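Worksheet: the structure to be examined is printed underneath.
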Amino acid sequence: QVQLVESGGGLVQTGDSLRLSCAASGRTFSSYTMGWFRQAPGKEREFVAAISVSGSSTYYADSVKGRFTISRDNTKNTVYLQMNSLKPEDTAVYYCAARLQTQVVVVANRYAYWGQGTQVTVSS
């Protein structure tokens, strides 16, 4: 089992950058595929990005491709989401998720472990 704690959210302006972090407990972090999802008010949770256990493969939603970068540091049990060129439509609660399988998936219900979320608000 793994516990996840996100940090780094905040209020920024259009075009600004933020880096979200997700710290994981446990000694087997490197065995987990990691993902970032987000949920805006009144909308369903949606996939943002995912990364393989080694970090060699990454996947992105079309809406963030070229602006967001997911990475991980298995020595620090942490996954990151670097968000550049932020837009108002990026406003949401961002969640970190983990699954104890090597296959990278983009569907939320395939992830067993979730953090509490961190709010990102982008003003226009």
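All of these numbers come straight from a predicted model, not from anything done at the bench. Only heavy atoms go into these numbers, but all of them, side chains included; no hydrogens, no water, no symmetry mates.
Every ring-ring contact (aromatic ring centres under 6.0 Å, His included) that F37 has, sequence neighbours left out, goes to F47, Y111, W114.
In terms of heavy atoms, C96 sits closest to L4 at O-CD1, 3.7 Å. The two atoms that bring N74 and S30 nearest to each other are ND2-CB, 3.6 Å, heavy atoms only. The two residues A50 and V104 make their nearest non-hydrogen contact at CB-CG1, 3.5 Å. Heavy-atom minimum distance, V53 versus T33: CG1-N, 3.7 Å. Minimum interatomic distance between T78 and S21 (heavy atoms only, all atoms of both residues): CG2-CB, 4.3 Å. In terms of heavy atoms, A24 sits closest to V2 at CB-CG2, 3.7 Å.
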Run the side chain to side chain contact (heavy atoms under 4.5 Å, CB included) check on I70 and W36 step by step: do they pass?
CA-CA 8 Å; I70 188 172; W36 285 97; 3.5 Å; yes
Begin from the C-alpha positions of L20 and T118 and carry the test side chain to side chain contact (heavy atoms under 4.5 Å, CB included) through to its verdict.
CA-CA 8 Å; L20 305 183; T118 185; 4.0 Å; yes
R110 and Q103: side chain to side chain contact (heavy atoms under 4.5 Å, CB included), yes or no, with the steps?
CA-CA 10 Å; R110 301 289 295 276; Q103 182 184 16; 4.1 Å; yes
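The closest donor-acceptor contact from the side chain of T14 to the backbone of S123 lies under 3.5 Å. Not a single donor-acceptor pair under 3.5 Å links the side chain of E6 to the backbone N or O of C22. Side-chain atoms of T58 do not come within 3.5 Å of backbone N or O of A49 as any donor-acceptor pair. With hydrogens and angles ignored, the 3.5 Å screen pairs no side-chain donor or acceptor of T91 with any backbone N or O of E89. S25 contributes a side-chain N or O that, together with a main-chain N or O of Q3, makes up a donor-acceptor pair within less than 3.5 Å.
Y113 and Y94 fall within a single hydrophobic cluster, where Ile, Leu, Val, Met, Phe, Trp and Tyr are joined by side-chain heavy atoms under 4.5 Å apart, directly or via other members.
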Donor-acceptor contacts, no H, no angles, side chain residues 79-86, under 3.5 Å, sequence neighbours left out:
from: Q82; atom 1: NE2; to: N84; atom 2: OD1; distance (Å): 2.9
from: N84; atom 1: OD1; to: S17; atom 2: OG; distance (Å): 2.9

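Using a 4.5 Å cut-off on side-chain heavy atoms (C-beta onward), R99 and M34 make no contact. At a threshold of 4.5 Å between non-hydrogen side-chain atoms, the residues D90 and F68 count as touching. In this structure, K76 and F29 have side chains that are not in contact, with every pair of non-hydrogen atoms separated by 4.5 Å or more. Using a 4.5 Å heavy-atom threshold, the side chains of V93 and R38 count as separate. By the 4.5 Å heavy-atom criterion applied to side chains, K87 and R67 are counted as neighbours. You'll find the side chain of R45 reaches within 4.5 Å of the side chain of Y95, heavy atoms only.
When the shell of 6.0 Å around NZ of K65 is examined, it contains more than 12 heavy atoms from other residues, nucleotides or ligands. Other residues, nucleotides and ligands contribute at most 12 non-hydrogen atoms within 6.0 Å of the CD atom of Q13.
Y32 does not carry R72 over the face of its six-membered ring by the limits of under 6.0 Å from the centre and within 45° of the normal.
Here OG of S57 is found 8.5 Å from CD1 of I51. Values are rounded to the nearest 0.5 Å.
Under the 3.5 Å distance criterion, with hydrogens and angles disregarded, a donor-acceptor pair is assigned to the side chains of Q119 and T121.
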